[in-house]
Structures are given as C-alpha cells and as structure tokens.
Amino acid sequence: MQFVDEASIIVEAGKGGNGCLSFRREKYVPKGGPDGGDGGHGGSVYLIGDDSLNTLIDFRFQRFYKAQNGQGGMGRQMSGRAGEDLHVKVPVGTTVIDEETLEVIADVTEIGQVVMVAQAGRRGLGNIHFKSSTNRAPRRTTLGTEGERRNLRLEMKVMADVGLLGMPNAGKSTLIRAVSAAKPKVANYPFTTLVPNLGVVKLGMHEHFVMADVPGLIEGASDGAGLGLRFLKHLTRTRLLFHVVDVAPFDESDPVEVAQAITHELGEFSPTLAELPRWLVLNKFDLLPAEEREERAADIVRRLGWEGPVFRISAISADGTAALVQAAYRWLTEQRQLENEDEEAAERAREMRARMEDEAVARTEARLGRKRKTVDEDDDDFDDDDYDVEVEYAP
C-alpha cells in the first residue's frame with residue numbers, strides 16, 4: 001500500500017434542471033393556461049472527514065468527482081427531481097486548496113466534519129412563473145445554471161501528539177520502533193525513511209499518545225532540498241517535538257552544527273513551528289565510551305545554549321526511552337488539562353496552530369507556484385507520482 005499525502009482532483013457540482021414550457025391541455029378546459037414546472041436543483045460536492053483513512057492514494061486512481069444533475073421540469077406544474085449531493089470521504093487532517101487561486105478552501109480536522117467544495121447549479125423556472133394579466137400564455141422559461149467546477153489540491157497532514165525531528169540517520173525510526181508497535185524500515189544509510197510513520201505509544205490501559213516519524217531533514221530543506229519541505233508540514237499538527245541528535249555520527253560531523261542546521265530549517269519553514277515546545281534527545285550514547293558520555297552531553301548542551309529538557313537515550317537498546325515517553329505523556333496530559341481549564345491558554349494554543357497552518361500553507365503555495373512556473377517554462381511532464389513509495393504495515 002502506498003502512502004500518498006498529496007493529490008489533485010477535479011470536482012464538479014450538478015447542473016440545475018431546465019424549466020418546462022407547457023400548457024394545460026384537458027378536455028372541457030379551454031385555454032388551460034401555462035403549467036410548466038421548475039427544474040430540480042443540481043447536487044453539490046462535499047468532503048467529509050473520516051478517521052478510517054490515512055492516505056490519499058484513492059485520489060490518485062480516481063481524480064474526477066461529479067454530483068448528479070437536476071431533472072428538468074415537466075407539465076402539470078411538476079418540478080424535476082433534485083440531483084443527489086456527492087459526499088467524498090477524506091482523511092482527517094486534509095487541507096483543501098484551490099489550484100487556480102491557491103486559496104485554502106477548508107481544513108478538515110475533525111471526524112465527520114463536512115465541507116462543501118462545489119456549489120450546485122440552480123434550477124430553471126417553468127413558464128408558469130411568467131403568467132401575468134397582460135401575458136396569459138407566456139412562452140418564457142429559464143435554464144438551469146451550471147454547477148461549480150473546481151481543480152482542488154488535497155494535502156494531508158498526519159495527526160500526532162509528538163513529532164520526531166532530526167537529520168537522516170539520527171535514529172528517529174529506531175526510536176519509534178522501540179516505544180511503539182510501528183515497524184518502519186531501519187538501515188544504516190540516509191533517507192531510509194521516505195514517508196511519515198505513525199506509532200501509538202502505550203504506557204497503560206488508557207494511557208497512550210501518537211508519535212510521528214517524518215523523513216530526515218538536510219540543510220536547505222525549507223527551500224525544497226531533500227524530502228524536508230514536502231513532509232515538514234506534518235509537524236504543524238503536533239504539540240511537542242523531539243529533536244533527535246546523533247551524538248556519535250559515523251561521518252564524524254559535529255552534532256552541534258547539525259542540530260543548529262535543523263533549527264534553522266525549522267524556522268525558515270515556519271517561525272511559529274520553531275516556537276513549538278521542543279525537547280533535546282541525545283541518541284546513540286551506547287556508541288560512546290562510558291567515561292566520555294557525560295562530558296559529550298554537557299558539551300553539546302552548552303554549545304547549543306539549550307535551556308529546555310534534555311534526554312540521553314540509546315534507541316536501539318531502548319535505554320532511556322521509558323523515561324522519555326513517560327515525561328512526554330505527563331507533559332501532554334498537563335497541557336490538555338490546562339487548555340480545558342484556562343480559556344486563555346486554549347486560545348493561545350489555537351492561535352499558535354492557526355499561525356503554523358498559515359505559514360505552512362504559504363510555503364506550499366510558494367512551492368506550487370514555483371513548480372507551475374517550471375512546468376510552464378520547460379513543458380516538462382514530471383509528476384509527483386514518481387515519488388510514490390511502498391509502505392509495509394506490520395500485521
């Protein structure tokens with residue numbers, strides 16, 4: 001099964017039925033007069049949030065969605081049947097963008113949320129409406145209007161509580177394997193992770209939260225380098241970020257410079273996302289001699305000027321991961337309780353999420369604009385479908 005988080009579709013609402021031109025014709029009823037009925041309204045197109053979907057792959061195979069047309073009016077003042085509305089299910093977390101204007105039409109963030117994306121055509125009027133004292137036999141009707149047609153871009157952002165942030169090979173996938181049932185591919189080369197992975201971290205019968213592992217970032221990700229720009233948007237739906245840093249990189253790069261590069265890319269993509277609570281997770285401590293570990297950790301924290309929480313772990317052996325996820329669960333619980341009890345805190349959280357969404361959309365619009373310009377100039381048939389990859393789900 002493919003993980004697809006972007007898709008382009010065409011939606012078209014139904015046309016309204018035409019009004020009827022008819023005159024009453026019955027025995028013993030001379031000059032019966034007009035009796036043409038109205039047409040039926042066309043059907044509209046709606047999107048509905050559905051939690052059973054976690055990818056937009058269906059929209060890669062079916063791109064055109066049309067609601068039913070309204071039926072034309074009939075004699076004897078009979079109106080035509082209205083066209084049925086079309087309801088299309090989309091994953092929760094889907095942003096709907098008009099490809100022509102780059103306007104954000106809606107953001108589907110709740111299960112069952114209904115959004116109209118194409119307005120139905122209006123019905124036409126039959127000639128019965130145009131009868132008057134001076135026009136007893138009107139031959140005038142109106143036509144039904146065309147339904148709205150739109151080219152839409154759907155972008156899905158995974159819904160998670162905690163997001164993993166870091167360079168390729170920092171150990172993010174190993175960490176999510178260690179603390180959840182998710183089994184993303186793990187290998188000792190960069191960009192092993194090509195698509196986001198979600199894992200449910202369970203601490204007890206009713207204690208759990210969702211963690212998201214996104215493809216690693218590289219320098220220039222906010223400008224489109226690597227896979228970062230396409231998947232950074234998924235972090236805007238999280239409440240807490242784990243900045244995973246490899247303390248013993250195989251290429252002997254400086255962990256501090258690497259962490260600073262990631263922080264820079266985060267701020268370039270979305271300044272508000274860079275303000276999201278972030279914890280420093282120093283990974284792969286098992287690769288360091290025991291006598292060097294504390295000194296290395298202290299040096300990284302000092303050079304980064306880090307003032308937030310710091311955790312030392314070894315994801316592959318799960319050493320230190322229990323303390324990390326327990327602290328995260330407590331923090332998330334306290335934040336939810338605070339937002340439930342304090343309306344000002346809840347409003348601040350909503351405003352922050354709204355700003356992140358706006359900044360992410362602006363980046364997306366800029367990327368779509370650049371891609372459209374490139375296609376117009378080069379007449380290239382390159383398509384994002386080339387980046388579709390296979391995802392294996394654990395049984």
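Position 1 is the first residue of the sequence; numbering continues from there.
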Which pair of non-hydrogen atoms, one from [X] and one from [Y], has the smallest distance, and what is that distance?
{"X": "Pro91", "Y": "Leu56", "value": "CD-CD2, 3.4 Å"}
{"X": "Ala259", "Y": "His243", "value": "O-CE1, 3.4 Å"}
{"X": "His208", "Y": "Tyr329", "value": "N-CE1, 3.7 Å"}
{"X": "Val200", "Y": "Ser180", "value": "O-CB, 3.4 Å"}
{"X": "Phe64", "Y": "Glu12", "value": "CZ-OE1, 3.5 Å"}
{"X": "Asn69", "Y": "Lys15", "value": "OD1-N, 2.8 Å"}

*asked:* Does either side chain, that of Thr263 or that of Arg278, offer a donor lying less than 3.5 Å from an acceptor on the other one?
replied: yes
Contact check, side chains of [X] and [Y], non-hydrogen atoms, under 4.5 Å:
{"X": "Val245", "Y": "Leu304", "result": "no"}
{"X": "Val247", "Y": "Leu288", "result": "yes"}
{"X": "Asp246", "Y": "Val258", "result": "no"}
{"X": "Arg150", "Y": "Asp98", "result": "yes"}
{"X": "Leu47", "Y": "Val88", "result": "yes"}
{"X": "Ile262", "Y": "Leu165", "result": "yes"}
{"X": "Leu332", "Y": "Val162", "result": "yes"}
{"X": "Phe242", "Y": "Lys172", "result": "no"}

Does the [X] side chain pair with the main chain of [Y], one donor and one acceptor, at a distance under 3.5 Å?
{"X": "Ser44", "Y": "Ala120", "result": "yes"}
{"X": "Asp213", "Y": "Leu164", "result": "no"}
{"X": "Thr272", "Y": "Met352", "result": "no"}

Under-4.0 Å salt bridge between [X] and [Y]:
{"X": "Arg24", "Y": "Asp35", "value": "no"}
{"X": "Glu343", "Y": "Arg350", "value": "yes"}
{"X": "Asp299", "Y": "Arg296", "value": "no"}
{"X": "Lys89", "Y": "Asp58", "value": "no"}
{"X": "Arg353", "Y": "Asp107", "value": "no"}

*asked:* As a test of understanding, state which of Asp319, Leu282, Leu175, Thr174 forms a side-chain contact (heavy atoms from CB on, under 4.5 Å) with Ile313.
replied: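 Among the candidates, only Leu175 passes.
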Take atom [atom1] of [X] as the centre, draw a 6.0 Å sphere, and report whether it contains more than 12 heavy atoms from other residues, nucleotides or ligands.
{"X": "Arg336", "atom1": "CZ", "answer": "yes"}
{"X": "Glu291", "atom1": "CD", "answer": "yes"}
{"X": "Arg140", "atom1": "CZ", "answer": "no"}

*Roughly how far, to the nearest 0.5 Å, is CG of Leu152 from CZ of Arg63?*
12.5 Å
*Just how far is it from atom CZ of Arg149 to atom CD of Glu146, taken to the nearest 0.5 Å?*
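Answer for the CZ-CD pair, Arg149 versus Glu146, is 10.5 Å.
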*Do the rings of Trp331 and Trp279 sit parallel, tilted or perpendicular, given the 30° and 60° boundaries?*
perpendicular
*Using the six-membered ring wherever Trp is involved, compare the ring planes of Tyr46 and His87 and label them parallel, tilted or perpendicular (cut-offs 30° and 60°).*
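Answer is parallel, since the angle falls under 30°.
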*Give the cluster check for Leu240 versus Leu324: same hydrophobic cluster or not, with ILVMFWY residues linked at side-chain heavy-atom distances below 4.5 Å.*
yes
